[in-house]
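Please read the structure below before turning to the comments.
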Protein chains: 2
Amino acid sequence: MKKYTEITIYDIAEKLNLATSTISRALKDHRSISEKTIKKVKKTAFEMGYQPNNLAASLRNKQTKTIGVLLPTVTQPFLSSLISGIEITAKKAGYTVMIMQSHDSYDEEVNLAQSLYNNRVSGIICSLAMETQDTSHFQIFINNNTPLVFVDRVPKNFNTYRVVIDNFSAGYKATKHLIDQGCKRIAHLSVGSEFGNLYSERKKGYLEALKDHNIDIDEQLIVRLTTVTYDEAEKGTNKLLDLKNPPDGIFTPGDILGVSALQCAKKRGIKVPEELAIIGFNNDPISEIIDPNLSTITHPAEKMGQAAAKIIIKNLKSLKKDDIKEITFLNTEVLVRESSKKK
Amino acid sequence: MKKYTEITIYDIAEKLNLATSTISRALKDHRSISEKTIKKVKKTAFEMGYQPNNLAASLRNKQTKTIGVLLPTVTQPFLSSLISGIEITAKKAGYTVMIMQSHDSYDEEVNLAQSLYNNRVSGIICSLAMETQDTSHFQIFINNNTPLVFVDRVPKNFNTYRVVIDNFSAGYKATKHLIDQGCKRIAHLSVGSEFGNLYSERKKGYLEALKDHNIDIDEQLIVRLTTVTYDEAEKGTNKLLDLKNPPDGIFTPGDILGVSALQCAKKRGIKVPEELAIIGFNNDPISEIIDPNLSTITHPAEKMGQAAAKIIIKNLKSLKKDDIKEITFLNTEVLVRESSKKK
DNA sequence: TTGTAGGCGTTATCAG
DNA sequence: CTGATAACGCCTACAA
């Protein structure tokens, strides 16, 4: 049985009695090649079913023109918008995107980072796994001058580019919004402290807003969740609503949590927003579907992706190891919907 | 300024006074290399910060050990479960997964398929874009003996592996369930006929079920949507509920549509399921959150992914061009929840 | 405008 | 058990 062999520029060269270099150049519309030759080469290349081999080209060029994207998961609406943003910018610049999911596991993240590096991605955009406590597995990118950008869930002490929102001020805004609506006892579902610490920033914003408005902090109103899940949030909300002196507002640092709280309140016959105002975070599609609509904090997710990709592309040519890498902050906004509109 | 150069097995060889071939073998625990050498090589490789270059290895080996995954989008819960399935199986076999999104655009799909091929993926798993009407852009994979598996939204006349559910029987089951609940006038939101025609199969199942149960088909009860969106479904449902003789049941071939119908009914003060029973399709997370819970059809999405990946891996070694490629059917089930439970 | 030749980093074959 | 060498497919500096 005949074994399959690739058709290479060498085959084309042979057929046309030209040099491989000519073929290579013609295929890329090199200006030093005559129109006629270019046409001829492309035509026969097509006829012969030639397919360029990126591996060979990348090896030779020492660049793959692909951006690696390493995320906890691809299902979170926020992250998928982020990907869209990356894709848009990457495409414009002629880059391909390679997506991998860590599933919030540190071990997987380590492996995939390796794998991405071994495939010599031109740059990498990463949002850390929940579990990740140290980021030494990204050191290879730094050491080898591969642009690295962290997004959203970023490490604290690591000199790299970061594209984030100001979680503190977003948490502040969300809480202030509830205060403005007349809430006096505002609860918070907080999520276990973590390395990327975006939840803890949101919580700090919450605390600060209360303080600034002379509202005493009641520890009973802060329920700590271990995971960001619907069920955990339900338990937490029940705990809050079981209090002698229950809250009249809840700020949840995520929409799933907000939706859960909302449903929980409804089940108990508590009117939202009249008796309990709720605001979430992220503007997930579900926040719009739920009844009443969930107020939330909007992220410019797609823009974050674009910003991250732009940093990669910009730095491909000029990257100095010890430069100080700036942090890009993007805006958040309070999106007021029914679940918090008391007035 | 010193320009960066990779550390290669050649560098290690030089340092240790060994041949590159020995290094290469040692790094892969080749049995012909002594324990001692292996240890020594690995140790210095680590110390020197050596990182294997997959591009070179792949070029040489003529295989990349990566599976390309080309999907409309990564956000649909069904598709992300599918990806999980692929990842699980791929990982077990030592394969990497490269995900790309066509965003349901034919042009993007063509480009990305090319790109995947140019990167010489070992195999490709694809669910077609909505727009796609012809699949000649996948011919290169066939021609070059690269295993190709279509999943869920598959082409009709193309001899490749396919992993699907039986959309016809699923549509039948969903409709029969409504009939069993006592519905007499069952509506259907149908989605514009398309190449992959999974929606039309579901519709056929719907029609057949009605026929088998001696229920006359009322064309007024079949509303055609042009896109699978919340808003379109809302319009469609309103149209149905505006009828003189409105339906007492709706089968929507997707959960977003089902949720939309449900909300729409609620807004109009129609009781679900008492006055209107609803069943969706896919078992998206949202179907569980919505109140009342949405009955639906479950997909074994993750299993489909695993099945597809297994086919790829199995065929990597033995692929004959003209073999007839089997179709793998996976089971669906009716998941009865509140939105359709009349009895 | 086109050709020659060497090398990107790895691995497999063949030889020792 | 280890070494020398060619080859994977492509690109580019240099030469013509």
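Proteins get letters first, then strands, A, B, ... in listed order; numbering begins at 1 in each.
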Could you walk me through whether Arg162(A) and Val151(A) pass the side-chain contact (heavy atoms from CB on, under 4.5 Å) test, one step at a time? CA-CA 6 Å; Arg162(A) 275 165 269 189; Val151(A) 171; over 6 Å; no
Please test Thr146(B) against Tyr117(B) for side-chain contact (heavy atoms from CB on, under 4.5 Å), starting from the C-alpha separation and ending with a verdict. CA-CA 9 Å; Thr146(B) 305; Tyr117(B) 184 80; 4.0 Å; yes
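When rounded to the nearest whole Å, the span between CD1 of Ile9(A) and P of dG9(D) equals 10 Å. Atoms CZ (Arg120(B)) and P (dG9(D)) sit 9 Å apart, rounded to a whole Å.
Phosphate contact (OP1/OP2 of dT5(D), side-chain N/O of Tyr10(B), threshold under 4.0 Å): absent. Dashed line: the shortest gap from a side-chain N or O of Asn61(B) to OP1 or OP2 of dA12(C) is under 4.0 Å. Taking only side-chain nitrogens and oxygens, Ser24(A) comes nearer than 4.0 Å to OP1 or OP2 of dC11(D). Listed pair Thr22(A) / dG3(C) meets the phosphate criterion, a side-chain N or O lying under 4.0 Å from OP1 or OP2. Under 4.0 angstrom from either OP1 or OP2 of dG9(D) there lies no side-chain N or O belonging to Thr20(A). Distances shorter than 4.0 Å separate none of the side-chain N or O atoms of Thr8(A) from OP1 or OP2 on dG9(D). Here Lys62(A) reaches the OP1 or OP2 of dG9(C): one of its side-chain N or O atoms lies under 4.0 Å away.
The side chain of Asn53(B) lies closest to dT10(C) when the candidates are dT4(C), dA4(D), dT10(C).
The existence of a salt bridge linking Lys42(A) and Asp29(A) is confirmed by a sub-4.0 Å separation between a basic side-chain nitrogen and an acidic carboxylate oxygen.
Taking all atoms of both residues into account, the shortest heavy-atom contact from Ser127(A) to Pro72(A) is O-CD, 3.3 Å. Across all their heavy atoms, Leu128(A) and Asp104(A) have their closest contact at O-OD1, 4.3 Å.
Note on Ser21(A): a base of the nucleic acid sits closer than 4.0 angstrom, heavy atoms only. Residue-level contact check: Leu55(A) touches neither bases nor backbone, having no heavy atom under 4.0 Å from any strand. Among the atoms of the strands shown, only primed sugar atoms or phosphate atoms (P, OP1, OP2) are found under 4.0 Å from some heavy atom of Asn17(A). If you check every strand for non-hydrogen atoms under 4.0 Å, Thr37(B) touches sugar and phosphate atoms only.
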